[in-house]
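A short worksheet on the structure shown next.
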Amino acid sequence: MHIRGDHAELVVGGRLDVRSAADARTVLHSAVDDGVGDLVLDLTGLDSWDATGLGVIMGAHRRAGRCGRRLVLRGVPPQMQRLLVATRLHRILAIEGGLAAESLPRV
């Protein structure tokens with residue numbers, strides 16, 4: 001996993017999982033604490049995430065809210081969009097441009 005950027009936008013690539021969670025948490029918390037306004041996480045290069053990685057994202061979301069900021073996900077890959085819908089986290093997290101129609105449950 002790699003994260004590059006600053007306190008306004010971070011680009012996340014590779015795998016966000018149990019092995020990379022501690023490093024990712026440190027970087028995300030620093031970015032939240034050091035900036036103002038929206039913090040954009042560009043996930044276009046993210047290959048996968050597990051429950052631990054998703055927990056890191058949710059922790060950063062909560063921390064951003066406590067700091068008066070908003071965490072915004074950009075470029076969420078389709079398989080991860082489906083996981084956000086299945087867990088109903090798409091209702092809580094800010095997702096730039098919304099989710100692809102095929103990720104939403106059929107009624």
Side-chain angles (χ1 to χ4, degrees):
M1 185 225 37
H2 61 274
I3 300 176
R4 59 184 176 2
D6 57 24
H7 57 271
E9 182 175 346
L10 295 171
V11 178
V12 182
R15 297 175 57 134
L16 182 55
D17 56 19
V18 68
R19 289 183 301 266
S20 61
D23 292 337
R25 185 177 298 110
T26 300
V27 172
L28 290 174
H29 287 188
S30 292
V32 167
D33 295 344
D34 294 342
V36 294
D38 288 352
L39 172 59
V40 176
L41 286 186
D42 186 333
L43 304 178
T44 306
L46 192 63
D47 297 327
S48 65
W49 60 20
D50 65 7
T52 306
L54 189 53
V56 169
I57 298 287
M58 290 307 299
H61 164 76
R62 284 189 300 274
R63 189 178 190 106
R66 287 192 304 268
C67 292
R69 299 187 71 187
R70 187 173 71 134
L71 185 71
V72 179
L73 304 182
R74 174 186 292 159
V76 181
Q79 71 273 19
M80 288 169 239
Q81 289 182 21
R82 287 189 288 277
L83 179 61
L84 291 176
V85 170
T87 58
R88 297 186 180 203
L89 292 175
H90 71 290
R91 296 177 178 189
I92 298 168
L93 295 166
I95 302 169
E96 188 176 86
L99 294 177
E102 62 271 9
S103 297
L104 299 174
R106 292 194 178 17
V107 182

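Residue numbers start at 1 and run along the sequence shown. The structure displayed is predicted, hence computed values, not measured ones.
In this structure, Gly35 and His7 approach most closely via the heavy-atom pair CA-CD2, 3.5 Å. The heavy-atom pair separating Ala94 from Arg70 by the smallest distance is CB-NH1, 3.9 Å. In plain terms, the two heavy atoms of Ala31 and Leu10 that are nearest each other are CB-CD1, 3.8 Å.
Contact annotation: the side chain of Thr44 never approaches that of Pro77 to less than 4.5 Å [non-hydrogen atoms, C-beta and beyond].
Here Arg4 pairs with nothing under the side-chain hydrogen bond (donor to acceptor under 3.5 Å, both in side chains) rule; sequence neighbours left out. In this view, Leu89 and Leu54, Met58, Leu84, Thr87, Ile92, Leu93 satisfy the side-chain contact (heavy atoms from CB on, under 4.5 Å) rule, not counting sequence neighbours. Legend: residues meeting side-chain hydrogen bond (donor to acceptor under 3.5 Å, both in side chains) with Asp47, ordered by chain and number and at least two apart, are absent. Under the side-chain hydrogen bond (donor to acceptor under 3.5 Å, both in side chains) criterion, Glu96 pairs with Arg74, sequence neighbours left out.
Judged by distance alone, with hydrogens and angles left aside, the side-chain atoms of Asp50 form a donor-acceptor pair with the main-chain N or O of Val18 at under 3.5 Å. Side-chain atoms of Ser48 never come within 3.5 Å of backbone atoms of Leu16 as a donor-acceptor pair (strictly under, hydrogens ignored).
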Take Trp49 and Val56 through the side-chain contact (heavy atoms from CB on, under 4.5 Å) test and state the conclusion after the steps.
CA-CA 10 Å; Trp49 60 20; Val56 169; over 6 Å; no

Report the C-alpha distance between Ile95 and Val76 in whole Å, list the side-chain angles of each, state the deciding distance to 0.1 Å, and finish with yes or no for side-chain contact (heavy atoms from CB on, under 4.5 Å).
CA-CA 8 Å; Ile95 302 169; Val76 181; 4.2 Å; yes

Derivation of the side-chain contact (heavy atoms from CB on, under 4.5 Å) call for Leu39 and Glu9:
CA-CA 6 Å; Leu39 172 59; Glu9 182 175 346; 5.8 Å; no

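A side-chain contact (heavy atoms from CB on, under 4.5 Å) with Leu41 is found for exactly one of Val11, Ile3, Leu46, Leu28, namely Leu28.
Through direct or indirect side-chain contacts shorter than 4.5 Å among Ile, Leu, Val, Met, Phe, Trp and Tyr, Val72 is connected to Val40.
Among residues at least two apart or in separate chains, side chain to side chain donor-acceptor pair (under 3.5 Å) pairs with a member in residues 23-32 are His29-Arg63.
In this structure, the separation between CD1 on Ile57 and CE on Met80 is 10.0 Å, given to the nearest 0.5 Å.
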